[in-house]
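Data block below; observations after.
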Amino acid sequence: HGGASDLHILFFPFMMQGHMLPLVDMAKLFAAHGAAVTILTTPANADIIRPTIPCSVQLHIIPFPSAQFGLPQGCENRSSILSEDLRVKFIQAISSLRHPFDEVLTVLRPHCVVTDMFMPWTHQIAAAKGIPRIIFHGTNYFSLCASQAFNRCRHNLDAGKPLIELPGLPHRIQMLKTQIIDFEKLAGTPMEFMAELLREVKEVEPKSYGAVMNSFYELEPDYVQWHQEETTTKTWHVGPVSLCNKAAAEKSARGGGGGQQMQGNAGECLKWLDGKPAGSVVYACFGSGSLFTAAQLREMALGLEASGQAFVWVVRNAGDEWVPDQGYYERIEGRGMVVRGWAPQLLILNHAAVGGFVTHCGWNSSLEGICAGLPLVTWPLYAEQFYNERFLVEVLKIGVAVGSEVFSFTQEGRPVVEAAKLEVAVRRVMGDDEEAGERRRRARETAKMARTAVEEGGSSYMEIDRLIRELIEECA
Ligand code: UDP
């Protein structure tokens with residue numbers, strides 16, 4: 001058997017920032033452990049990825065069928081700005097990459113492919129060529145376990161009760177029914193294709209070689225174990241993968257350019273933070289693609305103002321319909337910064353001035369907040385974010401829930417959370433009472449565990465070596 005460099009792994013990220021960025025980081029990690037690594041992507045994403053990868057990582061580019069699906073040219077790296085309708089087409093366009101993927105496997109002949117969960121079709125293509133496929137979920141063990149638990153009880157829910165208790169998990173986890181979506185109930189709705197896709201995802205999962213997880217053992221040992229005992233999918237926990245950017249991010253923090261987080265108005269925002277006392281600023285951001293109604297943004301604006309804290313708030317929506325009144329910007333001048341577009345999130349979270357994070361609980365953001373040692377205000381919207389909220393609030397006890405009660409893929413589908421709720425949650429997280437202090441202490445402890453996990457000899461570091469060794473034995 002050969003060494004790691006004889007092992008060629010092809011990574012194929014899904015073209016949405018929240019899926020692509022961590023899988024690119026993972027590819028870099030496997031390259032750092034000596035494997036030969038190729039990333040397969042489309043032209044507009046290649047432009048983003050190229051400056052962030054070392055020359056040892058190869059990029060292989062296939063065209064994206066924008067025109068064929070009525071999508072704007074080059075939209076593959078801006079899916080977050082697409083309307084909700086176009087996002088459906090966008091996901092369908094990605095599924096149409098079967099043929100080029102097949103050709104790439106024929107030409108490159110990798111020993112193994114790591115592809116996003118939302119590309120279940122890569123499984124059949126790889127399997128037909130005898131190439132093992134590893135799944136990248138982009139989430140944690142807790143949410144996989146929680147959704148399994150929900151599957152076991154969804155057919156006999158008590159119609160009279162708004163709360164569900166997820167059965168059989170290591171912690172007592174309760175959720176509102178409105179916070180969980182039963183994908184089988186999407187038939188006949190515009191999201192039906194999503195249900196179809198997820199059915200396929202579930203069907204191929206047990207046939208895959210296994211799954212790599214952007215998590216680390218010490219974060220959720222009970223759930224790593226639960227998953228091992230209750231499912232047949234092998235997993236490797238190799239995260240937090242974003243920590244591989246730490247050195248690069250620090251180097252380019254003031255220089256501009258370089259790391260993947262340096263697009264947009266990075267310099268201005270960081271300079272503003274430089275002028276603030278340590279731990280005094282709240283950073284609010286809802287991921288790469290979350291839009292809100294003007295009514296909701298107005299409440300957010302007022303809630304942040306009323307919290308009395310300094311804040312950096314990333315608003316993804318175009319337009320200004322949400323600005324509460326003419327005096328708003330004047331009142332928050334010097335205290336609140338509204339970022340339009342893409343914020344340098346990793347750099348902001350790790351800036352000494354930032355002391356709390358209002359997050360939609362996307363797993364990357366959650367983990368980045370954890371790594372920065374910050375207490376969180378949780379405001380989930382859809383996907384597995386409501387599970388992540390339970391994990392952050394009930395298991396890790398580093399978050400305060402704002403009170404988001406309804407899962408919905410659309411901005412109109414979610415009832416408005418009033419300003420007062422955000423104000424209260426931010427005050428609790430940023431407070432100087434014992435409860436807030438304890439929460440901060442736990443957050444810092446968890447961050448320390450994360451750093452240890454990725455260091456040489458740490459649990460995630462060892463896990464990458466373990467997977468590489470196993471793959472060499474089996475395929476190289
Ligand atoms: N992100 C960023 N700037 C922004 C918004 C998001 O750098 O203005 C990054 C963030 O750091 C994270 C990713 O985009 O790595 C979002 O992933 P997440 O899983 O949190 O949410 P999603 O976008 O998938 O809903």
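Residue numbers start at 1 and run along the sequence shown. For ligands, and for the atoms within them, numbers begin at 1 and follow the listed sequence. Please read these numbers as outputs of a predicted model, since none were measured by experiment.
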> Does Q17 reach ligand 1 with a nitrogen or oxygen that is under 3.5 Å from one of the ligand's nitrogen or oxygen atoms?
Replying inline: no
> Which is closest to atom 23 (O) of ligand 1 in terms of heavy atoms, G369, P344, S288, A383?
Replying inline: S288
>> Could you check whether D320 pairs with R340 (Lys NZ or Arg NE/NH1/NH2 to Asp/Glu carboxylate O, under 4.0 Å)?
In response: yes
> Is ligand 1 under 4.0 Å from a heavy atom in the side chain of M16, in the backbone, in both, or in neither?
Replying inline: neither
> If you look only at pairs with a residue in residues 369-391, which of them pass as a ring-ring contact (aromatic ring centres under 6.0 Å, His included), with sequence neighbours excluded?
Replying inline: F142-F391, F286-W379, Y382-F409
> Is it true that R442 and E445 have a side-chain N and a carboxylate O under 4.0 angstrom from each other?
Replying inline: no
>> Classify the ring geometry of H227 against Y141: parallel below 30°, tilted from 30° to 60°, perpendicular beyond 60°.
In response: perpendicular
> Does the distance from a Lys or Arg side-chain N to an Asp or Glu carboxylate O, for D274 and K271, drop under 4.0 Å?
Replying inline: no
>> Taking 4.0 Å as the limit for heavy-atom contacts, which would you say applies to W342 with ligand 1: side chain only, backbone only, both, or neither?
In response: both
> Looking at S365, which atoms of ligand 1 are within less than 4.0 Å of one of its heavy atoms?
Replying inline: 18 (P), 20 (O)
> Should E196 and R199 count as an ion pair when the cut-off is N to O under 4.0 Å?
Replying inline: yes
> Near W363, which atoms of ligand 1 are under 4.0 Å from a heavy atom of that residue?
Replying inline: 19 (O)
> What are the atoms of ligand 1, with element, lying closer than 4.0 Å to any heavy atom of A343?
Replying inline: 2 (C), 3 (N), 4 (C), 7 (O), 8 (O)
> For ligand 1, which atoms, with element, lie under 4.0 Å from some heavy atom of G18?
Replying inline: 17 (O), 24 (O)
> Any idea which atoms of ligand 1 are less than 4.0 Å away from a heavy-atom of R316?
Replying inline: 4 (C), 5 (C), 8 (O)
>> Heavy-atom distances under 4.0 Å decide this one: backbone, side chain, both or neither, for C285 against ligand 1?
In response: side chain
>> Suppose we screen for side chain to side chain contact (heavy atoms under 4.5 Å, CB included). Which residues come up paired with A425, at least two apart in sequence or across chains?
In response: V377, V400, V402
> Is ligand 1 under 4.0 Å from a heavy atom in the side chain of H19, in the backbone, in both, or in neither?
Replying inline: neither
>> Quick one, N364 with E368, criterion side-chain hydrogen bond (donor to acceptor under 3.5 Å, both in side chains). Give me CA distance, side-chain angles, the key distance, then yes/no.
In response: CA-CA 6 Å; N364 298 296; E368 288 160 9; 5.9 Å; no
> Going by distance only, is there an N or O of S366 that falls short of 3.5 Å from an N or O of ligand 1?
Replying inline: no
> Can you check whether V406 reaches Q179 side chain to side chain, under 4.5 Å on heavy atoms?
Replying inline: no
>> Regarding ligand 1, does E368 bring an N or O atom to under 3.5 Å of one of the ligand's N or O atoms?
In response: yes
